[in-house]
Amino acid sequence: MTTPTDGAGRGYPVLDSAELSPPARRRWRRTRRELHEIPHQPPGSVLVFQHGDSYEVLPEGRLRLDDQIVVDAVAVAVVSLRQVQLEAVTWLPTADPRTCVTVRAGFFCQVTDPQLVLDAGCWDAYPILTAHLNRDPQLPFMAQEPERLRHWPAFQRNAMARLLAYHDLHPLIVPGLVVRLSGVALELQRMASVPRARDSYESAPPSPPPPAPGDDGGPEGVPLHDGNPAFMPDHYTWSEES
């Protein structure tokens with residue numbers, strides 16, 4: 001999945017993190033950490049220190065290297081509090097093994113409670129959003145019907161309506177994180193080779209190879225997307241009614 005990040009090389013909501021070794025004890029002086037052990041904290045983020053299985057948010061402007069919160073921690077994470085727009089991408093196989101339907105969805109995300117977010121295991125929101133995009137069991141069957149795809153504008157409208165309605169009925173719930181669907185786009189993508197079969201729709205689909213030379217459009221003249229995003233599998237559970 002190719003997605004924007006909240007800064008170069010960083011994910012969301014955890015921008016950076018580091019494991020912390022026990023600090024060296026100093027005779028006659030208070031134990032303290034070195035500044036280089038703590039990741040850089042950009043504006044709009046907070047430091048969250050891990051103590052065993054629990055997390056503690058450091059109040060803004062209170063980083064003291066000899067503070068017990070810092071000294072006793074086994075790890076630290078830099079968590080963004082800014083609202084960002086993230087993109088999730090998935091592919092629906094069609095009856096033609098060289099053609100798939102690419103589904104892209106934008107989500108506005110904002111952390112409201114950094115401690116709850118990390119407690120829930122949400123260090124990286126991208127696979128969670130992609131898995132949520134795959135939740136509707138009817139979309140793969142719609143993409144397998146050649147008659148539907150021949151009338152691409154109607155298929156596109158119906159599929160987008162299903163995705164929007166499904167998100168309204170089954171909102172994504174992650175403790176400490178507000179998620180709002182901002183838009184959906186679908187397109188046909190022609191592949192240069194036949195992808196490997198998947199065990200199930202929930203499993204990670206193969207990354208589609210680049211379009212074949214000379215291919216500049218799909219059925220009915222629909223333009224194709226030239227890209228090769230990678231899929232991130234789902235490792236999360238959901239707090240929603242099926």
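Values below: every heavy atom of this structure, side chains too, minus hydrogens, waters and symmetry copies.
In terms of the side-chain contact (heavy atoms from CB on, under 4.5 Å) criterion, residue partners of Val74 (sequence neighbours excluded) are, by chain and number, Gln50. A search for side chain to side chain donor-acceptor pair (under 3.5 Å) contacts involving Gln110 returns nothing, not counting sequence neighbours. A search for side-chain contact (heavy atoms from CB on, under 4.5 Å) contacts involving Ala77 returns Val14, Ser17, Val79, Leu118, Trp123, not counting sequence neighbours. Residues passing the side-chain contact (heavy atoms from CB on, under 4.5 Å) test with Glu145 are Arg148, sequence neighbours excluded. Residues passing the side chain to side chain donor-acceptor pair (under 3.5 Å) test with Thr112: none are found, sequence neighbours excluded. Checked against side-chain contact (heavy atoms from CB on, under 4.5 Å), Arg64 has the following partners two or more places apart in sequence or in another chain: Arg30, Asp66, Asp67.
Hydrophobic clustering, with ILVMFWY side chains joined whenever heavy atoms are under 4.5 angstrom apart, groups Val184 together with Val84.
Classified by interplanar angle (parallel below 30°, tilted 30° to 60°, perpendicular above 60°), the ring pair His132/His167 is perpendicular.
Looking at Ser182, its side chain does come within 3.5 Å of a backbone N or O of Gly106 through a donor-acceptor pair. In terms of modelled atom types and a separation under 3.5 Å, the side chain of Gln115 and the main chain of Asp119 share no donor-acceptor contact. Checked by atom type and distance alone, the side chain of Arg33 never pairs as donor or acceptor with a backbone atom of Leu65 at under 3.5 Å.
Put simply, OH on Tyr55 and CG on Asp113 are 13.0 Å apart, with the number rounded to the nearest 0.5 Å. Going from atom CZ of Phe107 over to atom CG of Leu86 covers 9.0 Å, rounded to the nearest 0.5 Å. A distance of 10.0 Å separates CD in Glu87 from OH in Tyr126, rounded to the nearest 0.5 Å. We find the CZ-OH distance between Arg135 and Tyr166 to be 5.0 Å, quoted to the nearest 0.5 Å. One distance of note links CG of Leu47 with CG of Asp16; it measures 10.0 Å at 0.5 Å rounding. To the nearest 0.5 angstrom, Leu92 atom CG is 9.0 Å from Met142 atom CE.
For the side-chain contact (heavy atoms from CB on, under 4.5 Å) test with Thr90, the passing option among Leu129, Val103, Leu139 is Val103; the others fail.
Using a 4.5 Å heavy-atom cutoff, the side chains of Leu133 and Leu163 are in contact. Contact annotation: the side chain of Pro43 approaches that of Arg82 to within less than 4.5 Å [non-hydrogen atoms, C-beta and beyond]. A 4.5 Å side-chain heavy-atom check between Leu58 and Val48 finds every atom pair outside the cut-off. The side-chain heavy atoms of Val178 and Gln83, taken from C-beta on, include no pair separated by under 4.5 Å. A 4.5 Å side-chain heavy-atom check between Val71 and Phe49 finds every atom pair outside the cut-off. Side-chain contact between Cys109 and Leu177: present, with at least one pair of heavy atoms (C-beta onward) separated by less than 4.5 Å.
Scanning both residues, Leu186 and Ala159, for their nearest heavy atoms gives CD2-CB, 3.6 Å. Closest of all the heavy-atom pairs between Glu37 and Ala18 is O-CB, 4.1 Å. Nearest heavy-atom pair, Pro175 versus Ala120, reported as atom, atom and distance to 0.1 Å: CD-CB, 3.9 Å.
More than 12 heavy-atom neighbours from other residues, nucleotides or ligands sit within 6.0 angstrom of CD on Gln138.
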